[in-house]
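Just follow the structure's listing: the first ligand is 1, and inside any ligand the first atom is 1. Bear in mind the structure is a predicted one, so any value in this text is a computation, not a measurement. Note: hydrogens, waters and symmetry copies are ignored here, and every other heavy atom, side chains too, is used.
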Amino acid sequence: MNKFLIAIVVMAALAASAFGDLVSERRNLMPVPKEVSFAEGKLRIDKDFSFAFTGHSDGRLSAYLSRVLKRLEGRTLLEFSRLAEKSKDEATLMIDVDSGGNAIPKLGDDESYELRVESDAVVLNAETSVGAMRGLETLLQLVEADEDGFYFPLVSIKDEPRFAWRGLMIDSARHFQPIEVIKRNLDAMAAVKLNVLHWHLTEDQGFRPESKKFPELHLMGSDGDFYTQEEMKEIVRYAADRGIRVMPEFDMPGHATAWLVSHPEIASGPGPYEIERRPGVFNPTLDPTNPKTYKLLEKFLAEMAKIFPDRYMHIGGDENEGKQWDANQKIQAFMKKNGLKNNHELQTYFNRKILKILTKNGKVMMGWDEIFQPDLPKEIVIHSWRGQKALADAAKQGYTGVLSNGYYIDLMHPASEHYKVDPLPADSPLNDEEKKRVLGGEATMWAEWVTPETIDSRIWPRTAAIAERFWSPQKVNEPDDMYRRLNVISIRLEELGLTHIKNQDQLLRRISNGQDIGPLKKLVGLVAPVRGYRRYQILKQSMLFPLTGLIDASQADPADAMAFDKAVEAFLESEDKSRSAATLLVFFDDWKSTASELRVLKKDAPALQNASVLPDDLEKLSAIGREAVESLRTGKASDDDWRTAKLAEIDEIRKQKAGVEWRVIGSMLRLVRAE
Ligand code: ACM
């Protein structure tokens with residue numbers, strides 16, 4: 001579908017709602033600041049744009065500003081001076097910071113800032129360098145253009161985050177992600193004001209951190225895909241320079257196969273072990289009754305504690321089904337002797353030992369909600385993946401927590417669904433004191449189905465919507481306006497080297513076997529990958545399977561399907577159906593010709609073999625849509641037999657093929673059911 005049509009549909013939606021006000025109130029800001037007030041007028045950006053530090057300045061902040069200038073230059077095609085003005089009266093941008101703050105960020109650091117764009121200058125005030133970084137990102141988001149060039153609208157902003165813990169978890173274990181991937185994602189995180197990289201480093205499918213104490217761990221557990229200690233330190237530095245903490249996760253006692261490849265003696269069941277290649281939950285588990293387990297962990301965790309300065313260390317603790325424990329006579333005897341009544345008690349016994357090691361190394365323990373046990377010290381952090389109730393229960397009992405349930409971006413839900421989830425929902429059962437214990441949330445990028453080529457497209461742009469949930473006031477919650485801003489932010493993320501948009505064409509070129517990708521591009525505009533854990537059942541792919549199929553090229557929020565939703569909504573609501581029908585008929589014509597083009601394309605594109613019925617589906621959808629619009633337009637209500645037949649047809653079409661589903665089914669059903 002062409003851009004012109006999308007613009008018409010979007011404008012119609014704008015006119016139809018109170019949404020117009022939000023456009024002027026929020027412009028392209030994401031996350032929306034706590035207080036923002038625009039005024040009439042513009043501050044033009046020209047080649048004389050200059051800056052001055054009027055308070056504290058440091059190398060970290062200067063370097064950040066330098067990168068910001070580069071991005072501004074890239075957009076405006078102007079070159080700016082890198083010399084700070086001596087006199088603040090001469091500078092376009094005055095940065096007034098009280099102190100550098102923590103060079104290595106800590107939970108609860110001051111990230112507040114105030115930003116005023118006046119007719120002759122921009123003033124940015126912050127307590128700390130990191131606050132100024134957050135303000136600089138806002139300033140970049142303010143850039144707009146008209147026929148005379150680029151400008152900042154006049155505005156006054158006072159901003160600070162709603163939650164102190166705003167994270168993205170990246171699983172580098174299932175599929176290894178080289179440090180360039182981590183770095184560009186850290187840049188994107190800073191752009192939307194996220195402040196924690198939770199780095200999931202060990203799994204059944206890979207052991208990624210280099211250990212100098214036990215080199216066999218990474219050498220035998222990683223296929224050679226591991227991070228050297230220097231690289232991990234580099235990531236910590238890179239993140240700190242952007243005001244982002246790095247918390248590592250070493251998942252234990254379950255999810256542990258890759259540890260056991262080199263150390264079968266600390267397993268709870270007989271080896272030998274090999275790196276796991278399948279997705280899923282597996283039995284290999286560390287032996288909590290074996291002193292050798294703690295000897296290894298004591299040295300390994302002390303080694304990691306030195307590399308990762310963050311106070312928090314995540315020990316996973318999830319999905320230990322205890323099957324190896326049940327089957328091991330020695331472990332059963334140990335439990336009996338020590339009065340441990342079940343596997344949860346045995347895991348708590350293990351957690352206490354780990355807690356001691358972490359405490360000795362100055363670390364606070366964090367783990368998935370399975371680690372929760374009401375007599376652990378109150379300082380530990382519960383990371384809830386199973387639900388908001390787990391988080392609330394922990395908070396009621398005095399524990400701090402972070403929410404990830406609802407933010408599983410690997411499951412390919414639309415951004416709007418994640419956006420609805422609030423770490424502290426309006427109907428939260430917690431009192432004010434307990435609410436303070438909910439520190440924030442984390443989006444989780446589990447890596448069963450992502451490679452360095454596709455991971456950005458699973459994280460972005462949806463994570464920007466989640467970032468807004470963690471930073472902005474709760475009342476910022478209109479999905480249409482979120483999507484409007486998300487589309488802008490998504491393109492701006494590309495200036496940081498993110499590949500979430502451009503790699504789609506790259507994949508489509510490969511899938512089409514070198515043919516023109518036009519028809520395939522239209523197809524992926526209308527389909528989305530299956531949601532939730534269905535991919536596991538449908539495709540049966542291993543960690544070695546190439547992730548270069550149609551499902552990998554398609555995305556959670558396909559643009560044309562969303563434009564179609566809007567067009568159907570406008571059509572169904574319109575008084576004059578013969579006029580509004582035209583927009584929909586353009587879609588249906590387009591689908592019909594795309595179907596023909598796809599039939600030609602697939603002849604020479606074997607990678608589309610398992611998707612070969614999609615062109616037929618598309619042609620059928622086009623025909624059904626035409627018939628529905630025709631009957632609604634002429635006021636000649638379609639009969640029940642027609643409706644029943646078409647609904648049955650849609651029921652067939654809606655079944656997944658090649659792991660993707662038509663994203664237009666909901667609106668097609670509305671059209672067919674409308675009377
Ligand atoms: C998890 O998803 N097992 C934390």
- Message: I'd like to know whether Arg352 forms a side chain to side chain contact (heavy atoms under 4.5 Å, CB included) with Asp375, so could you lay out the CA-CA distance, the side-chain angles of the two residues, the decisive distance to 0.1 Å, and finally the verdict.
- Response: CA-CA 10 Å; Arg352 270 185 218 293; Asp375 54 355; 3.0 Å; yes
- Query: Are the charged groups of Arg485 and Glu478 less than 4.0 angstrom apart, N to O?
  - Reply: no
- Message: Less than 6.0 angstrom from the centroid, inside 45 degrees of the normal: does Arg134 satisfy that with respect to the ring of Trp471?
- Response: no
- Query: Tell me, which residues have any heavy atom less than 4.0 Å from some atom of ligand 1?
  - Reply: Asp318, Glu319, Trp368, Trp385, Tyr408, Trp446
- Mark yes or no: Arg437 above the aromatic ring of Tyr399, with NZ or CZ under 6.0 Å from the six-membered ring centre and no more than 45 degrees from the axis. no
- For Glu661 and Arg534, run side chain to side chain contact (heavy atoms under 4.5 Å, CB included): C-alpha distance rounded to whole Å, both residues' side-chain angles, the deciding distance at 0.1 Å, then the answer. CA-CA 12 Å; Glu661 293 175 311; Arg534 287 172 62 212; 2.8 Å; yes
- Just jot down the side-chain hydrogen bond (donor to acceptor under 3.5 Å, both in side chains) partners of Asp318, sequence neighbours excluded, or say none. His255
